[in-house]
Asks: 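Would you mind keeping the following structure in view while I ask a few things?
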Amino acid sequence: MRSCQCPWLWEACSRMWQPSVCTWWGPSGERRLELPSPSAFTRLVEFIKLSSEDDIVNLGQGFPDFPPPAFAVEAFQHAVSGDFMLNQYTTAFGYPPLTRILASFFGKLLGQEINPRKNVLVTMGAYGALFTAFQALVDEGDEVIIIEPFFDCYEPMTLMAGGRPVFVSLKPSPTRDGELDSCSDWQLDPVELASKFTSRTKALILNTPSNPLGKVFSRAELELVASLCQQHDVVCIADEVYQWLVYDGYQHVSIASLPGMWDRTLTIGSAGKTFSATGWKVGWVLGPGRLLKHLHTVHQNSIFHCPTQTQAAVAESFEREQLHFGQPSSYFVQFQQASQRSRDHVMRSLQSVGLRPIIPQGSYFLITDISELKSKMPDLPGATDEPYDSRFVKWMIKNKGLGAIPVSIFYSAPHRKHFDHYIRICFVKDESTLQAMDKKLQKWKDELGP
């Protein structure tokens, strides 16, 4: 486990478009770290800012623009106006009613007897859970396997912990004429994946359902990953924040539930994604005590404590959901159904202007192929080395009033040029937002002519 945390301001460094070099003094003297240039975080922030302008329909940023369920709002109101002691500190590793309900709820799903004190850590959102996991487990020179396309923070968090990212890409199958492609066609090459494991591999990060692709890894794919992790004594960091949003009859399987994997898996979840309240910033990590004890140390000496009232609201919300789980009255069931309807709406609308969405199996997101438009508009303005999808999104924001995120930012630098013909769309949006999108797309379609 790392003996100290890196005292630089990542956000300030990541604003730079040139290579960012962070320098600090550690126990062994000066240490320098060069961060990727431009970082995915930097580029993502740029597109979020562009999409926030007036009259832009923001389909880029991954958050619902509708209220959380009424029971969750009521739970938060109870926490704010009820017991005055909820204004004070609670247990550092999690508000006890929340750690207990998380242990009970997920213990049944994972087939484990989860101890709420030893096997659960409540964090500042899933983002905080990821950062704590990297800082706790990744040492100088350790390798972390990252599956591309990847959620943008995985690479910088690996580097900030002193590790080395090792990338392996999901490969799409050839396009079938007349049919939309599915993200289930994006597969890992088993031989290539196995080749990425070395004596220095400390962890593999698995995101299912995934951002940005929306892929739900099958049991067979998970068994391949599990087998390699066990063979090479590697920890699996399982980012499962979208586990309740799985479509078309696909099933989410937690890799920690597979034989032999609980003892080497950290399972990360998010109340923001679970209850459509991303601003609450409550996340959690579930895992074996031998790993969680290191995360506890990092958490205690950095964040120390998460807001008590939001934890109380999440605990009450889970207690309500546990009573309805698996029934038509379950919020998880209703939210999944509503999100699938929104997904289908967005896919139909995008096709009207020549975009080819890749059907997602889960999550908030889909990616859409812009190859047809790239062939018609190959020379969009932008820097010489700027990926095409980045230039396309800027053009689309400026000329069509629609915001999105270029998919190349979810790839390592050497692979971006191979995946610069996709953009990411968030479809978990209010009906009014989808109607505004339709108006923009209809106008675009009219401009294209017959």
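Quick caveat: nothing in here was measured; it's all calculated off a predicted structure. Numbering of residues begins at 1 and proceeds along the displayed sequence. Atoms considered below: every heavy atom in the structure, side chains included; atoms not considered: hydrogens, waters and symmetry mates.
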Asks: For Trp280 and Phe76, what are the C-alpha separation, side-chain angles and deciding distance, and is it a ring-ring contact (aromatic ring centres under 6.0 Å, His included)?
Replies: CA-CA 10 Å; Trp280 286 9; Phe76 187 76; 5.5 Å; yes

Asks: Between Met124 and Pro307, is there a side-chain heavy-atom distance shorter than 4.5 Å?
Replies: yes

Asks: More than 12 heavy atoms of other residues, nucleotides or ligands under 6.0 Å from NZ of Lys445: is that the case?
Replies: no

Asks: May I ask you to check whether Gln361 and Asp248 show a side-chain donor-acceptor distance below 3.5 Å?
Replies: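 No - no donor-acceptor pair under 3.5 Å links their side chains.
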
Asks: Looking at CG of Asp239 and CG of Leu130, how far apart are the two atoms once the value is rounded to the nearest 0.5 Å?
Replies: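 Between Asp239 CG and Leu130 CG, I get 5.0 Å after rounding to 0.5 Å.
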
Asks: Would the number of heavy atoms belonging to other residues, nucleotides or ligands and lying under 6.0 Å from OH of Tyr89 be above 12?
Replies: no

Asks: Output yes when a side-chain donor or acceptor of Gln334 lies under 3.5 Å from a complementary backbone atom of Pro328, and no otherwise.
Replies: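 It does hold such a pair.
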
Asks: Can you tell me if Asp65 uses its side chain to pair, donor with acceptor, with the backbone of Asp430 under 3.5 Å?
Replies: yes

Asks: Within this structure, what is the CZ-CD distance for the pair Phe332 and Glu321, rounded to the nearest 0.5 Å?
Replies: 4.0 Å

Asks: With ring centroids as reference points, do Tyr388 and Trp395 lie under 6.0 angstrom apart?
Replies: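 So the answer is no for these two rings.
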
Asks: Would you compute the distance between atom OG1 of Thr297 and atom CG of Leu295 and round it to the nearest 0.5 angstrom?
Replies: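 Atom-to-atom, Thr297:OG1 and Leu295:CG are 8.5 Å apart.
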
Asks: Any chance you could measure Gln187, atom CD, to Lys171, atom NZ, to the nearest 0.5 Å?
Replies: 11.5 Å

Asks: Ring-plane angle category for Phe151 and Tyr154, please: parallel below 30°, perpendicular beyond 60°, tilted otherwise.
Replies: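 Rings of Phe151 and Tyr154: perpendicular, over 60°.
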
Asks: Tell me if the CZ atom of Phe84 is crowded by more than 12 foreign heavy atoms within 6.0 Å.
Replies: no

Asks: Answer yes or no on whether Arg416 is positioned over the face of Tyr411, meaning its NZ or CZ is under 6.0 Å from the six-membered ring centre and within 45° of the axis.
Replies: no

Asks: When you compare the side chain of Leu222 with that of Leu206, does any pair of heavy atoms fall below 4.5 Å?
Replies: yes

Asks: Could you tell me whether Glu221 and Lys215 make a salt bridge, using a distance below 4.0 angstrom between a side-chain N and a carboxylate O?
Replies: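 So Glu221 pairs with Lys215 through a salt bridge.
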
Asks: Applying the ring pair (Phe, Tyr, Trp, His ring centres under 6.0 Å) test to Trp284, which of Phe318, Phe105, Tyr95 qualifies?
Replies: Phe318

Asks: Are the side chain of Asp142 and the backbone of Val138 linked by a donor-acceptor contact shorter than 3.5 Å?
Replies: no

Asks: State the NZ-CD1 distance between Lys398 and Ile56, to the nearest 0.5 angstrom.
Replies: 11.5 Å

Asks: Within the structure provided, determine whether Val393 and Pro406 are in side-chain contact (heavy-atom separation under 4.5 Å).
Replies: yes

Asks: Run the numbers on Lys273 and Tyr364 for side-chain contact (heavy atoms from CB on, under 4.5 Å), then give the verdict.
Replies: CA-CA 9 Å; Lys273 300 301 191 294; Tyr364 280 6; 3.4 Å; yes

Asks: Are the side chain of Thr123 and the backbone of Gly125 linked by a donor-acceptor contact shorter than 3.5 Å?
Replies: yes

Asks: Checking Ser257 side chain against Ser254 main chain: does a donor-acceptor pair fall under 3.5 Å?
Replies: yes

Asks: If we check side chain to side chain contact (heavy atoms under 4.5 Å, CB included) with Leu366, which of these qualifies: Ile359, Ile423, Val346?
Replies: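 For Leu366, the side chain to side chain contact (heavy atoms under 4.5 Å, CB included) test succeeds with only one of Ile359, Ile423, Val346, which is Val346.
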
Asks: Going by atom types alone, do Tyr242 and Asn207 pair a side-chain donor with an acceptor below 3.5 Å?
Replies: no

Asks: Measure the spacing between CG of Leu402 and CD1 of Ile397 and express it to the nearest 0.5 Å.
Replies: 9.0 Å

Asks: For the residue pair Tyr247 and Arg343, establish whether any side-chain heavy-atom pair is separated by less than 4.5 Å.
Replies: yes

Asks: Using only heavy-atom distances, determine whether the side chains of Asp446 and Gln442 contain a donor-acceptor pair under 3.5 Å.
Replies: yes

Asks: Is a side-chain donor or acceptor of Thr208 paired with a backbone partner of Phe217 at a separation under 3.5 angstrom?
Replies: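 At least one qualifying donor-acceptor pair exists.
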
Asks: Checking Arg424 against Phe365: charged group under 6.0 Å from the ring centre and within 45 degrees of the axis?
Replies: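 Yes.
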
Asks: Compute the centroid of each ring, for Phe106 and then for Trp262, and state whether the two points are separated by less than 6.0 Å.
Replies: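 Ring centroids of Phe106 and Trp262 are no less than 6.0 Å from each other.
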
Asks: For Leu137, does its backbone N or O pair with a side-chain atom of Lys202 as donor and acceptor, under 3.5 Å?
Replies: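 Yes; judged by distance alone, with no hydrogens or angles, the pair exists.
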
Asks: Using a 6.0 Å cut-off, check whether atom CZ of Arg320 has over 12 heavy atoms from anything other than its own residue.
Replies: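 Yes, enclosed.
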
Asks: Distance alone, cut at 3.5 Å: any donor-acceptor contact between the side chains of Ser408 and Asp420?
Replies: no

Asks: For Phe427, is the NZ or CZ atom of Lys429 found under 6.0 angstrom from the centre of its six-membered ring and inside 45 degrees of the ring axis?
Replies: no

Asks: Verify, without hydrogens or angle tests, whether Glu319 (side chain) and Ile101 (backbone) share a donor-acceptor contact under 3.5 angstrom.
Replies: no

Asks: Flag yes if more than 12 heavy atoms outside Glu113 fall under 6.0 Å of its CD atom; otherwise flag no.
Replies: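 No, not enclosed.
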
Asks: Evaluate the salt bridge (Lys or Arg N to Asp or Glu O under 4.0 Å) criterion for residues Arg164 and Glu143: first the C-alpha distance (whole Å), next the side-chain angles of each, then the deciding distance (0.1 Å), finally the verdict.
Replies: CA-CA 5 Å; Arg164 187 174 81 86; Glu143 295 175 354; 2.9 Å; yes

Asks: Please lay out, stage by stage, how Arg264 and Asp233 fare under the test side-chain contact (heavy atoms from CB on, under 4.5 Å).
Replies: CA-CA 8 Å; Arg264 63 177 63 255; Asp233 192 23; 3.2 Å; yes

Asks: Under a 4.5 Å cut-off applied to non-hydrogen side-chain atoms, are Thr99 and Arg117 in contact?
Replies: no

Asks: Step by step, work out the side chain to side chain donor-acceptor pair (under 3.5 Å) result for Ser330 and Gln327.
Replies: CA-CA 5 Å; Ser330 162; Gln327 303 174 38; over 6 Å; no

Asks: When you check the side-chain N and O atoms of Ser104 and Lys108, is any donor under 3.5 Å from an acceptor?
Replies: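 Their side chains do contain a donor-acceptor pair, which is all the 3.5 Å distance test asks for.
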
Asks: Do Leu286 and Ile268 have side-chain heavy atoms sitting under 4.5 Å apart?
Replies: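 Leu286 does not reach Ile268 side chain to side chain.
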
Asks: Does Asp83 have any side-chain hydrogen bond (donor to acceptor under 3.5 Å, both in side chains) partners at least two apart in sequence or in another chain, and if so, which?
Replies: none

Asks: Find out whether Val166 and Thr201 are in side-chain contact, i.e. whether some heavy atom of one side chain is under 4.5 Å from a heavy atom of the other.
Replies: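 No, every pair of side-chain atoms sits at 4.5 Å or beyond.
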
Asks: Contact between Val122 and Phe93 at the side-chain level, heavy atoms closer than 4.5 Å - yes or no?
Replies: no

Asks: Glu155 vs Phe167, test: side-chain contact (heavy atoms from CB on, under 4.5 Å). Steps then yes/no.
Replies: CA-CA 9 Å; Glu155 181 182 11; Phe167 300 100; 3.8 Å; yes

Asks: Just wondering, are more than 12 heavy atoms of other shown residues or ligands nearer than 6.0 Å to NZ in Lys118?
Replies: no

Asks: Between the side chains of Thr267 and Thr265, does any donor sit under 3.5 Å from an acceptor?
Replies: no

Asks: Examine the side chains of Gln311 and Thr308 and answer whether a donor and an acceptor come within less than 3.5 Å of each other.
Replies: no

Asks: Compute whether any side-chain donor of one residue and acceptor of the other, for His324 and Ser329, lie under 3.5 angstrom apart.
Replies: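 Checked: His324/Ser329 side chains pair up, N/O donor to acceptor below 3.5 Å.
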
Asks: For Glu386, is there any backbone N or O sitting under 3.5 Å from a side-chain donor or acceptor partner on Ser390?
Replies: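 Side chain of Ser390 to backbone of Glu386: no pair is present.
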
Asks: Kindly say whether Gly214 contributes a backbone atom to a donor-acceptor pair with the side chain of Asn211 at under 3.5 angstrom?
Replies: no

Asks: Parallel, tilted or perpendicular: which describes the rings of Phe275 and Tyr331, with under 30° parallel and over 60° perpendicular?
Replies: parallel

